[in-house]
Amino acid sequence: MSLLKPFSKLPGLNTANILLVESEEQLQQKLAEALVEETAVTVNVRLAKSLPLPMENEEHRPRIDLVVFIINLTSELSFQSAEASLKYLDPGYFLGKVCFTVTKARNASVPTERLDAVRKLAASLHCPLVFAEDQTPDGVTSAAERLLTILKVAAGLVPMATALYLSNLTRCTVPPDIDQPSFD
Amino acid sequence: MEIRARSRKVQPHQRGRVKQLEAEAEELRLQRKRLKAENQTLETLKKLRTSMNKQCTDEEVMQMEEDSEDSQLLQLMARHTQLTDLLQAHHLIGGYDIIKTRQGKGVCVSVATNYEGVYLDTYNLEIDLKPKLRISRHNIPPFIPLNSLTEQCNLQSHFRVFLDTLSCHLNAFTGRKQQLKLVKEQQKSVEVMESNVLCSLLVLMLTVSKGKPLVLCTLEYADHTSCLPTRVHFECEDKQLPDSPEWKKNCSLLIKTPVHKALMTMKTMGHIV
Amino acid sequence: RSCLGLTPALTARRLSKSRKAPKSHYITVRQRQPLLMFFSHEKVNPEHLALLLKSEWKLSYVTPLYQFRHTQLKSYSRQLSAFIAAEKQQGFAVEVDGSQSNFRVSFSVVQGMTETEDDAETVLIQVRAGFLRPISEAQRSVWSGWLTCVNGNSDYLCSLPKDFICLPLFGSSGSEVLTTLVQSWFQKMFDCCFGPLEMNNTCLQWLAALWTNCHPESSIQHLKMIWTLPVVPPLQITYTVNPKDAWKLWSSVRKDPCEENKEEEGVSIDIEDVMRFMQGLKSHFYRHFRLDLSAGCLKQVSTALGSATFSGRVKISNSQYILSTLTLLTECALFKMPV
Amino acid sequence: MDESIKRTMQRLVRRIPNQLLKPTLDKWGRLTAAQKQSLDFTQPKWALTERLLALCEENEWTAKHIIELEMIYVIDNPNQGMWYAFQLMDPEDDAASVELAQFKEQFKSHLRELVKHVSVKIKKHTDEAVWIRIAWGDGFTRPNHLKPTYVVHHLQTPYVFVSSLTSKQKPLLSQALVLSTRYNVIKDANLSGRKLTAIRDLLMRQYQQVFPTKFPSPLTEKNETVSNPCIEKEQSGAAANRLQMACEAFGDGELPQLQSAVYKLETKFKDPTNKTMTEQEEPFKCVIKFASTNLLESLKQCATSGIASTPVTPLLSSIPLKGRNYFVITDNGPGPTTQMHTSQK
């Protein structure tokens with residue numbers, strides 16, 4: 001098992017590297033195209049279906065500053081796949097360098113339990129949870145903007161802010177009653 | 001000669017004729033130019049090929065690049081001809097493309113077919129090696145009797161014989177198919193009345209000349225490993241015709257030469273339109 | 001929906017994690033043991049019951065009705081008839097089969113379709129088309145619908161202001177135009193809102209399990225589930241399980257019944273059981289086709305006892321289990337209520 | 001005019017969509033130029049039908065003519081109705097040399113021996129298919145032209161495609177076919193679909209199959225899109241591999257359009273987490289039906305996208321491999337083998 005480590009490589013100058021993990025490979029390409037539009041810093045995007053990443057890319061893979069798990073809420077598999085990928089991340093990533101993005105949260109076929117499960121997962125790992133609209137270009141752009149903000153901090157490009165600090169402010173919280181059955 | 005003499009007799013308008021000839025001459029000149037250019041390219045290609053075969057040093061190649069603008073294209077063309085030659089040689093000595101699949105648990109064999117130097121369809125067989133040889137997947141049409149071939153040739157012990165027989169069947173089939181295609185393309189006056197998927201039966205409607213009864217020509221290819229028919233049969237309202245020496249000759253011509261060529265000859269002989 | 005709200009009852013809107021196993025309620029004829037005190041109903045009019053079982057219903061949710069009185073159904077009948085007639089005059093295309101017809105609406109109470117004291121009685125609405133003559137044999141039922149609340153969450157029901165009646169589940173069958181008309185009349189009269197009630201994966205899985213659980217008492221004939229997988233073109237997978245085998249699998253994933261306290265409340269079913277049941281079915285499928293059904297969406301569940309689709313079409317074919325099915329659906333509808 | 005002819009004509013015209021009516025009638029060539037002129041194809045269908053019925057009377061068309069028209073329409077629009085494939089087995093030595101005229105004559109005479117009143121019309125289509133239209137009657141009734149059976153056969157191939165055949169007519173047709181094609185046995189090929197072309201292409205292997213080669217696969221080259229240098233796919237190798245496997249299993253290019261595949265599973269339930277079920281002696285019975293507008297394409301996408309694991313299970317790849325879409329799956333005997341074998345219905 002090869003863990004992806006946050007500090008095993010040197011950072012590039014004015015460069016931020018983001019890894020998008022999505023089992024369905026639906027949103028990641030669009031999101032990547034929106035992310036590389038950024039001009040202030042060089043953004044490198046790596047796309048993966050799941051973790052672990054293949055060994056042969058190890059050498060020329062830059063240091064990954066932020067790992068984003070994209071979960072399509074209408075698919076149980078999407079959530080399961082993200083959950084399974086988590087164990088290939090070095091614990092160091094959970095100090096503000098992991099983020100969850102969910103899509104299709106408004107779809108009627110989404111069982112509320114699944115959203116709860118994602119929120120619990122994000123909360124237990126102290127990660128932020130971003131809701132994204134994947135159907136419209138505007139939705140993708142705004143999701144990309146939000147991820148960029150986190151990415152810049154995670155890559156150490158924002159003075160006076162660290163990933164750990166930001167994650168303390170943005171991490172997902174779970175309402176205390178989430179486990180109680182309705183109304184009872 | 002006869003035909004030419006006849007055509008010379010019919011010269012309607014002298015002036016129009018001159019113009020026509022002039023145009024013809026111009027065209028021929030153009031053609032000469034084209035051929036010259038082509039020839040030069042071929043020459044260069046030849047040079048390239050020889051240098052390639054000698055495994056030339058980089059310097060020489062550099063030199064070539066300066067010589068012509070299209071050198072890169074020429075290089076590629078040279079490489080291509082070299083490869084096709086190699087491939088042809090490979091097939092000539094009876095080679096099949098075989099590669100291992102599934103970590104050595106199976107192989108995939110490609111049987112390429114060609115007719116008159118033209119590569120036609122390639123057929124593939126995926127074969128399991130264990131516990132015994134077994135064809136697991138292929139794209140050979142169902143009318144090629146693959147199953148009986150495996151039994152006849154004993155796939156287990158005589159794999160090579162099996163492949164050769166199969167290749168024979170496939171080459172004959174694609175050859176017949178190609179002949180039929182050529183007949184349809186080249187002989188507009190010949191009507192294909194009937195044919196089948198295996199191309200083992202061909203019924204052609206031949207026009208002897210305008211006003212004369214049509215000839216129905218049936219070609220049967222009972223030997224499925226051959227591109228030539230086993231039986232040729234003519235039918236005509238004029239009962240005498242099939243027995244005439246001309247048509248007797250046509251019959252043997254059709255049996256000995258591929259149908260599109262035979263028809264071409266019959267046309268030049270003036271037996272059909 | 002608020003994530004920060006701290007009033008537990010109002011933020012946690014999710015299906016119960018466990019529910020009582022459906023018991024057969026012979027709600028029409030058989031008299032029941034008086035010791036089951038909270039089954040207040042005694043008899044449901046067999047005609048009404050037959051109507052409920054006859055058709056497939058398109059479900060909607062309805063927010064609580066303001067000043068709805070079960071005592072004024074006669075007057076509602078007149079008013080809705082008049083409303084439809086008025087709309088028709090305004091050119092609303094309510095022609096049925098192209099015939100010139102009058103619409104006669106009748107409201108009625110379906111007695112006994114409740115489980116707790118807080119449940120409001122079910123209301124049945126029928127629209128008949130007559131040929132000008134006011135009362136005639138030729139009157140055909142062209143539309144029917146009902147509003148119900150079975151086993152509604154008592155906390156929620158009690159928290160409503162006094163003038164509100166909560167009948168959150170609305171089923172309709174018949175012309176879409178009439179459905180829209182009836183809904184708009186309700187909106188005007190009782191200041192409520194209607195919305196489509198889709199059934200998500202969990203809800204459909206619950207139904208599959210609940211129906212399968214009934215098998216020993218009343219055969220389910222088959223358990224049929226339809227999934228769609230998100231590929232182009234969409235792939236539909238119909239999974240039909242032999243009833244005996246479905247029951248065997250279901251009983252194997254149930255927790256050891258010894259642990260349960262078998263009281264008069266009956267055996268309870270846990271969401272975990274349902275999930276294990278579905279997982280079992282999916283893994284059997286995966287073993288054969290190496291294709292993960294979790295990637296898809298459950299669209300339909302059906303057995304001889306009833307069928308339900310994702311888009312909110314439900315058919316209940318067996319009167320014995322109508323209440324447990326409606327309980328689940330009421331719960332689904334209640335999630336859509338404003339809090 | 002005969003009432004039955006009128007009815008057949010009426011039915012037929014109703015079946016042909018408006019935009020196809022003119023080309024079909026043109027191809028038929030039974031209308032005079034003036035009559036063609038008189039037909040207004042913008043008219044509603046019922047009016048056109050009336051007009052054609054009048055022409056029918058005027059020209060004294062017989063059943064033969066109507067059948068001609070019907071066959072033209074059906075041959076040009078073969079993707080209608082449900083088609084079932086049958087396979088001929090155990091050929092005689094002369095099976096490979098059966099030619100059309102002989103087949104026609106043999107088939108007609110064999111069928112007439114079996115059924116007294118039967119109308120058979122055979123037509124050779126340009127794609128080398130022989131089209132047979134059979135209107136069945138019995139000892140007392142005349143052939144019913146309203147419900148004809150269509151049979152399509154390519155001579156020298158072991159496949160026959162049939163549409164609208166009742167179980168009563170099946171043995172009769174089977175016998176006539178077996179005798180006239182010089183085979184010994186005919187059996188159900190377990191393949192059916194609404195598109196004749198699709199089931200034909202599948203069985204005749206007339207679609208692009210993909211085989212492993214040592215040359216760089218054109219599949220991967222095709223999918224390399226020029227993208228931003230800042231975006232890199234980590235698992236492109238795995239994705240290309242999945243695509244290759246999916247293409248090897250289902251083919252490439254335009255795939256034959258099958259609508260469904262059905263599997264009757266009677267296999268043991270095995271699940272390490274469920275002891276009770278795994279210990280059951282009896283198999284777990286269920287029926288799985290896959291349906292799509294283009295089933296093979298959908299399944300291929302499942303494999304390329306990773307919803308279905310690769311290599312593709314033999315159960316799914318059997319559809320194109322064996323040219324079947326109905327399977328009964330049982331465990332292979334009582335032994336410990338986990339391998340499943342497909343057995344005939």
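Residue numbers start from 1 in every chain, and the chains themselves are labelled A, B, ... in the order their sequence lines are given, proteins ahead of strands.
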Should C:Arg287 and D:Thr267 count as side-chain neighbours, where that means a heavy-atom distance under 4.5 Å?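 They are in side-chain contact.
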Answer yes or no: is there a side-chain heavy-atom contact under 4.5 Å between D:Thr313 and C:Tyr286?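 When only atoms from C-beta onward are counted, C:Tyr286 and D:Thr313 do not touch, as no gap falls below 4.5 Å.
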Would you mind checking which part of D:Pro311 comes under 4.5 Å of any heavy atom in chain C, side chain (CB onward), backbone (N, CA, C, O), both or neither? backbone
Engaged part of D:Pro314 at the chain C interface, taking heavy atoms whose separation is under 4.5 Å: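 No part of D:Pro314 comes within 4.5 Å of chain C.
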Proximal to chain D - members of residues 225-234 of chain C, heavy-atom separation under 4.5 Å: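 Hits under 4.5 Å: C:Leu229, C:Pro230, C:Val231, C:Val232, C:Pro233, C:Pro234.
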So which of [options] has the biggest tally of heavy-atom pairs under 4.5 Å with chain C?
| options | answer |
| --- | --- |
| D:Ser309, D:Ser292, D:Ala308 | D:Ser309 |
| D:Thr276, D:Leu299, D:Ile307 | D:Ile307 |
| D:Thr293, D:Thr304, D:Val312, D:Asn294 | D:Asn294 |
| D:Ala303, D:Ala291, D:Ser305 | D:Ala291 |

For the rings on D:Tyr263 and C:His288, is their centre-to-centre separation under 6.0 Å? no
Could you walk me through whether C:Lys248 and D:Glu282 pass the salt bridge (Lys or Arg N to Asp or Glu O under 4.0 Å) check? CA-CA 11 Å; C:Lys248 265 189 212 159; D:Glu282 284 131 56; 3.3 Å; yes
With D:Arg205, which residues qualify under salt bridge (charged side-chain N to carboxylate O under 4.0 Å, His left out), at least two apart?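 D:Arg205: no salt bridge (charged side-chain N to carboxylate O under 4.0 Å, His left out) contacts found.
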